Protein chains: 2
Amino acid sequence: MEHSTTHACLVHPHPLECEAVAEWLRRRSYIELVGKCNSLDQIIQLPYLKEVDIVVVFAHHAEKTADQILKIRKLYSRLKFLLLAPSPCAESVREVIRSGVSGYIVFEAELDEWERAIRAVSEGKVYYGQEVMLKLAESSLETFIQEPAPTTRDFLSKREVEILRLVASEYSTNRIANELCISDKTVETHRRNLFHKLGVKNSVGLTKVAVRMGVV
Amino acid sequence: MEHSTTHACLVHPHPLECEAVAEWLRRRSYIELVGKCNSLDQIIQLPYLKEVDIVVVFAHHAEKTADQILKIRKLYSRLKFLLLAPSPCAESVREVIRSGVSGYIVFEAELDEWERAIRAVSEGKVYYGQEVMLKLAESSLETFIQEPAPTTRDFLSKREVEILRLVASEYSTNRIANELCISDKTVETHRRNLFHKLGVKNSVGLTKVAVRMGVV
DNA sequence: ACTCTTCTCAGGGTTTTCCACTATAAATTT
DNA sequence: AAATTTATAGTGGAAAACCCTGAGAAGAGT
């Protein structure tokens, strides 16, 4: 059964965003929005469900939602699903793909990725976003490679991490020396070693590394 | 200072919903949307910030966001904030109120509550949603006080943001001066002003602010 | 006109950071 | 046992950062 236009239904848990996104979808020419609701549970009760081709689902719990989608697909195999969810972890991404969604992108996707996804799904194709593909690749690599990537932290000694933390906390060399009950010169030496190990030229550089490493 | 129309800025982490909600807001007659972005950190860089009266913030972590709002309010005390967040717990709700937001409602709020909230805030009033009030009552009998924005100082100037960026890029004062074709003394003065405006004591502090702001 | 802010620059100072090189005891690894 | 790494500490010096003060010009706002 081919429709001339694809009929879509939107699911978003928040009324305002549901309405707002619905409006946005209504302005797309390649699909026609026939309904919206705030929960996936509600869609099988919708009177216009038989007209729906695509369900666009916003959900914060990808796995739980994938599970629901799988159940619904067993009853209404005609329905296609485009899932919008937070950035997935390597485990959940396989669960979601297994549920048979036609599209899966992250909330943070840019508008053009959105357009591509919704067009692809409405044309009967499949679309997975960049982040999803990445996690998928990552999860399949895990089965082949057990080698844990050496972290930057292993490279630094405990003391050095401590110094790094204090430097990035706006402490002066003198203050750090007092705090740790060691000589200023020792602190200076540690700091200098950190420069070389981390390939930066001053404390500002150290601070950025510290922020990236999460020690502050 | 009264504007004839209230100027709003939208913050939503997800590009699509940001765009969609922005469109919805543009159709409200009582406010005028002048800008949008995906992160609260970005707003102080916006060139049109001086025109903004209200910032409508969608955020998943209410407390973290409240903290950011408090900091921003210390620099731009003129700004009003309407916060949209998940249902709060009894502890976080006080933190959020204390941050001085003018409005606070949950994502799941119905459209009419939305309308009431945004109207109230744009008229200079305060609006807390039903769920928020409930949690507030539940949390305590003690008085909650909104944190006053202590400084009347306005936002960072363009030049200051530029200096901030270069400092956080590990540039020395001298190098910055050459880069911008101004005197070292001028750069020093800017840097010192940044210390005071941002409440930090050295370049390491500036760097952390810069990272948080996303200028590096 | 007057105020406020920004951007600019300077003198003259103190403190901190950064560099180069050396060095020793302790712990860890090989 | 020997070699390496870590943590400690030093001398001495150059560079940069930081502090305080003052001040003129340009521009925006009241």
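Just so you know, these numbers come straight off a predicted model, no measurement behind them. Proteins come first, then strands; the chains are lettered A, B, ... in the order of their sequence lines, and each starts at number 1.
Remark: A:Glu63 engages no residue in a side-chain hydrogen bond (donor to acceptor under 3.5 Å, both in side chains) (not counting sequence neighbours). Scored by the side-chain hydrogen bond (donor to acceptor under 3.5 Å, both in side chains) test, A:Arg192 finds no partners at all (sequence neighbours excluded). With sequence neighbours excluded, no residue forms a side-chain hydrogen bond (donor to acceptor under 3.5 Å, both in side chains) with A:Glu188.
The CG-P distance, from A:Asn193 to D:dT6, rounds to 9 Å in whole Å. The separation between A:Arg159 atom CZ and D:dT6 atom P is 14 Å, rounded to whole Å. Here the P atom of nucleotide C:dC18 and the CD atom of B:Glu170 are 10 Å apart, to the nearest Å. Residue B:Glu162 contributes atom CD, which lies 15 Å from atom P of C:dT6 at whole-angstrom precision. The distance between atom NZ of B:Lys197 and atom C1' of C:dC4, rounded to the nearest whole Å, is 12 Å. Atom CD1 in A:Ile176 sits about 14 Å away from atom P in D:dA9, given to the nearest Å. Rounded to whole Å, atom P of D:dA25 lies 19 Å from atom CD1 of B:Ile182. Separating the CD1 atom of B:Ile163 from the C1' atom of C:dC7 is a distance of 10 Å, rounded to the nearest angstrom.
The phosphate of C:dA27 has neither OP1 nor OP2 within less than 4.0 Å of any side-chain N or O from A:Lys158. A close approach under 4.0 Å does occur between a side-chain nitrogen or oxygen of B:Ser183 and OP1 or OP2 of C:dA10.
Taking the C1' atoms of five terminal pairs at each end of the helix from C:dA1-D:dT30 to C:dT30-D:dA1, the two resulting helix axes are inclined by 60°, rounded to 10°.
Contact record, B:Ala168 with B:Val216: CB-CG1, 3.8 Å, taken as the closest heavy-atom pair. Annotation for A:Ser39 and A:Val11: closest pair C-CG1, 3.6 Å, computed over non-hydrogen atoms.
Using a 4.0 Å heavy-atom cutoff across all strands shown, B:Thr186 reaches at least one base atom of the nucleic acid.
Sorted by first and then second residue, the salt bridge (Lys or Arg N to Asp or Glu O under 4.0 Å) pairs with a member in residues 163-178 of chain A read A:Glu170-B:Lys208; sequence neighbours excluded.
Outside the 6.0 Å centre-distance limit, the rings of A:His14 and A:Phe58 are not counted as a close aromatic pair.
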Any protein N or O atoms within reach of nucleotides 13-22 of chain D? Criterion: under 3.5 Å, listing atom names and distances.
unit_1: D:dA17; atom_1: OP2; unit_2: B:Thr173; atom_2: N; d: 2.7
unit_1: D:dA17; atom_1: OP2; unit_2: B:Thr173; atom_2: OG1; d: 2.7
unit_1: D:dC18; atom_1: OP1; unit_2: B:Ser203; atom_2: N; d: 3.1
unit_1: D:dC18; atom_1: OP2; unit_2: B:Arg191; atom_2: NH1; d: 3.1
unit_1: D:dC18; atom_1: OP2; unit_2: B:Ser203; atom_2: OG; d: 2.8
unit_1: D:dC18; atom_1: N4; unit_2: B:Glu188; atom_2: OE1; d: 3.2
unit_1: D:dC18; atom_1: N4; unit_2: B:Glu188; atom_2: OE2; d: 3.1
unit_1: D:dC19; atom_1: N4; unit_2: B:Glu188; atom_2: OE1; d: 3.3

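Judged by distance alone, the side chains of A:Tyr104 and A:Glu131 never bring a donor and an acceptor atom under 3.5 Å apart.
With a 6.0 Å cutoff to the six-membered ring centre and a 45° limit on the axis angle, B:Arg28 counts as a cation-pi contact of B:Trp24.
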